[in-house]
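Below, chain A is the first sequence line, B the second, and so on; all start at residue 1.
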Amino acid sequence: MSSRSWFSRALLPWYRENQRPLPWRTSPDPYRIWLSEVILQQTRVDQGTAYWHRFVERFPSVSQLAKASEDQVLRLWQGLGYYSRARNLRTAAQQVVKEHGGQFPADHSTLLKLKGVGDYTASAIASICFGIPEPVVDGNVYRVLSRAFGIATPIDSTTGRKEFRGLAAELLSRAHPGDHNQAVMELGAMVCTPRNPRCDECPLARKCIAKAEGRIAELPVKASKTKTRTRHFNYLLIGAKSGIYLRKRTARTFGRGCGSCRWWRPRRRRRRHY
DNA sequence: GACGCGTGGTC
DNA sequence: TGACCAAGCGT
């Protein structure tokens with residue numbers, strides 16, 4: 001048994017000393033944590049924080065969010081991107097009210113059933129709010145672990161995802177899973193950054209394989225190609241002295257899957273990048 | 001398992 | 001200066 005407690009032993013004190021004072025860290029309220037996790041999916045803290053404030057102010061509880069109209073939620077979400085998150089947010093709030101009496105479920109598998117809650121978000125809520133030892137594996141975790149342990153398995157492969165989740169579970173502090181999970185992500189966001197990591201500030205530096213072997217820039221490894229698509233759009237511009245004509249597209253005029261989009265010619269090319 | 005989804009930052 | 005990335009998820 002290779003004791004890997006050194007990881008958490010080094011990380012937790014660093015986190016307690018260096019964590020940012022983010023507003024959702026003031027209480028373990030599942031509603032507020034869930035809100036922050038959904039907002040932060042593929043979104044930077046700097047961009048999402050103002051939206052988090054808007055939502056907790058306008059909808060202080062999950063039941064109030066559940067009562068909101070879709071338009072209301074989308075208006076509050078405007079500018080954040082990935083708008084299906086906003087629709088799923090409202091749906092999940094309704095699920096919590098109708099299926100759980102307004103209380104968030106406290107286990108990973110039940111959390112997973114909420115719309116817009118995947119493995120990452122379920123683990124984050126379970127560990128942060130309920131102290132359940134579920135490891136989170138996000139982009140930060142892939143980067144920190146691949147470098148610290150010198151793992152070159154592609155993070156976007158099935159075996160890679162399994163390997164990193166297994167390692168994250170092995171490393172996870174059973175006593176403080178929420179802080180541990182947040183600590184790894186905080187390190188990835190503030191110190192072990194994609195480029196120009198601040199290794200001199202890293203509590204794991206002395207044990208970091210990538211640092212010792214000069215492989216920091218190579219890790220983590222991604223296998224998938226990034227594809228660039230060139231699309232050609234044709235626009236019909238209607239000018240009128242009386243102004244601009246706009247109307248809301250509804251399901252009748254805009255199916256999810258635009259059957260009448262035959263006026264553009266897609267062209268695609270693929271490139272490998274290393 | 002691959003793909004689409006949005007905006008903003010970084011080099 | 002286009003490519004890559006950011007606390008992923010649903011289909």
Side-chain angles (χ1 to χ4, degrees), chain A residues 15 19-20 22-25 32-52 74 77-92 95 108 111-129 134-146 154-162 164-165 168 177-198 217-231 256-258 261 266 268-274:
Chain A
Y15 177 66
Q19 65 173 290
R20 292 166 290 178
L22 303 177
W24 46 87
R25 285 180 175 164
R32 295 180 162 222
I33 297 298
W34 163 69
L35 209 47
S36 75
E37 293 301 343
V38 174
I39 287 174
L40 264 37
Q41 286 167 9
Q42 297 289 282
T43 303
R44 283 188 170 76
V45 168
D46 289 340
Q47 188 189 4
T49 302
Y51 286 86
W52 184 85
L74 283 171
W77 197 271
Q78 193 167 37
L80 244 196
Y82 285 136
Y83 294 94
S84 64
R85 286 185 296 170
R87 283 185 276 267
N88 292 338
L89 196 74
R90 174 169 168 270
T91 302
Q95 287 179 275
H108 185 268
L111 285 163
L112 263 185
K113 294 178 179 152
L114 299 176
K115 210 75 193 283
V117 173
D119 180 61
Y120 163 80
T121 304
S123 296
I125 297 171
S127 63
I128 295 170
C129 304
E134 293 285 347
V136 299
V137 187
D138 73 335
N140 291 308
V141 177
Y142 282 125
R143 189 167 56 256
V144 170
L145 297 189
S146 67
I155 62 174
D156 54 351
S157 65
T158 302
T159 57
R161 279 189 285 270
K162 214 161 67 176
F164 282 100
R165 197 181 199 287
D179 279 352
H180 173 109
N181 279 333
Q182 294 185 86
V184 185
M185 295 190 284
E186 189 81 348
L187 189 75
M190 305 305 293
V191 175
C192 194
T193 49
R195 275 162 299 196
N196 306 324
R198 302 162 174 79
E218 309 164 15
L219 297 171
V221 173
K222 267 194 193 177
S224 75
K225 313 136 197 153
T226 63
K227 53 184 188 312
T228 301
R229 312 170 49 148
T230 304
R231 291 182 168 190
R256 299 252 165 111
C258 175
C261 288
R268 54 168 55 183
R269 59 199 148 90
R270 289 165 181 267
R271 293 185 47 229
R272 279 197 88 82
H273 69 95
Y274 297 93

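- For C:dC9, the OP1/OP2 oxygens have no side-chain nitrogen or oxygen of A:Ser84 closer than 4.0 Å.
- A:His180 places its NE2 atom 14 Å from the C1' atom of C:dA7, with the value rounded to the nearest Å.
- If you take CG of A:Leu89 and P of C:dG8, they are 16 Å apart, rounded to a whole angstrom.
- Within the nucleic acid shown, A:Val117 comes within 4.0 Å of sugar-phosphate atoms alone, with no base atom in reach, counting heavy atoms only.
- Comparing C:dG8 with B:dG1, their C1' atoms sit 16 Å apart, to the nearest whole Å.
- Minimum interatomic distance between A:Tyr51 and A:Trp77 (heavy atoms only, all atoms of both residues): CE2-O, 3.7 Å.
- Using a 4.0 Å cut-off, some side-chain N or O of A:Lys222 falls inside it from OP1 or OP2 of C:dC5.
- Shown here for A:Tyr83 and A:Leu74, the closest heavy-atom pair between the two residues is O-CD2, 4.0 Å.
- When heavy atoms are screened at a 4.0 angstrom cut-off, A:Leu112 is found touching no nucleic acid atom at all.
- Checking A:Arg195 against A:Gln41, the closest nucleotide of DNA chain B that is more toward the 5' end is the one next to A:Gln41.
- Two residues are said to be in side-chain contact when any heavy atoms from C-beta on lie closer than 4.5 Å; A:Trp52 and A:Leu22 fail this criterion.
- For the pair A:Asn196 and A:Gln42, nearest-nucleotide mapping onto DNA chain B gives the more 5' position to A:Gln42.
- Using a 4.5 Å heavy-atom cutoff, the side chains of A:Val184 and A:Leu187 are not in contact.
- No engagement by A:Asn181 is indicated, since no non-hydrogen atom pair under 4.0 Å with the nucleic acid exists.
- Spacing between atom CZ of A:Arg87 and atom C1' of B:dC5 amounts to 10 Å, rounded to whole angstrom units.
- For A:Lys113 and C:dG10, the NZ to C1' distance is 18 Å, given to the nearest whole Å.
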Let me have the donor-acceptor pairs involving side chains of residues 117-126 of chain A, under 3.5 Å, with sequence neighbours excluded, atom names and distances please.
unit_1   : atom_1 : unit_2   : atom_2 : d
A:Asp119 : OD1    : A:His108 : NE2    : 3.0
A:Asp119 : OD1    : A:Arg165 : NH2    : 3.1
A:Asp119 : OD2    : A:Arg165 : NE     : 3.3
A:Tyr120 : OH     : A:Glu37  : OE1    : 2.6
A:Thr121 : OG1    : A:Gln41  : NE2    : 3.0
A:Ser123 : OG     : A:His108 : NE2    : 3.3
A:Ser123 : OG     : A:Asp119 : O      : 3.0
A:Ser123 : OG     : A:Pro135 : O      : 3.4

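- Between A:Leu114 and A:Glu37, the residue anchored nearer the 5' end of DNA chain C, judged by the nucleotide with its closest heavy atom, is A:Glu37.
- For A:Tyr82, the side-chain atoms get nearest to B:dG6 when compared with the rest of C:dA7, B:dG6, C:dC5.
- Side-chain atoms of A:Arg44 lie closest to C:dA6 of the nucleotides C:dC4, C:dA6, C:dA7.
- Atom CG in A:Leu111 sits roughly 16 Å away from atom C1' in C:dA7 (whole-Å rounding).
- With rounding to whole Å, A:Asn140 atom CG is found 6 Å from C:dA7 atom C1'.
- The phosphate of B:dG1 (OP1 or OP2) has a side-chain N or O of A:Thr158 nearer than 4.0 angstrom.
- Here the side chain of A:Lys115 is nearest to one of C:dA7, C:dG10, C:dA6, namely C:dG10.
- B:dG6 and C:dC4: their C1' atoms are spaced 15 Å apart (whole Å).
- A:Gly79 comes within 4.0 angstrom of sugar-phosphate atoms only, judged by non-hydrogen atoms across all strands, and of no base.
- Nucleic acid contact class of A:Glu186 (heavy atoms, under 4.0 Å, all strands): base.
- A:Leu80 comes within contact range of at least one nucleobase, with a heavy-atom separation under 4.0 Å.
- The separation between A:Trp34 atom CH2 and C:dG8 atom C1' is 15 Å, rounded to whole Å.
- When the nucleotides C:dA7, C:dG8, C:dA6 are ranked by their closest atom to the side chain of A:Arg143, C:dA6 comes out on top.
- Between the A:Ser36 side chain and the A:Ile33 main chain, a donor and an acceptor come within less than 3.5 Å of each other.
- Spacing between B:dA2 and C:dA7 at atom C1', rounded to whole Å, works out to 23 Å.
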Practice prompt. Evaluate the criterion side chain to side chain contact (heavy atoms under 4.5 Å, CB included) for residue pair A:Arg143 and A:Leu219; output intermediate values, then yes/no.
Written response: CA-CA 7 Å; A:Arg143 189 167 56 256; A:Leu219 297 171; over 6 Å; no
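- Rounded to an integer number of Å, the gap from CZ of A:Arg90 to P of C:dC9 is 21 Å.
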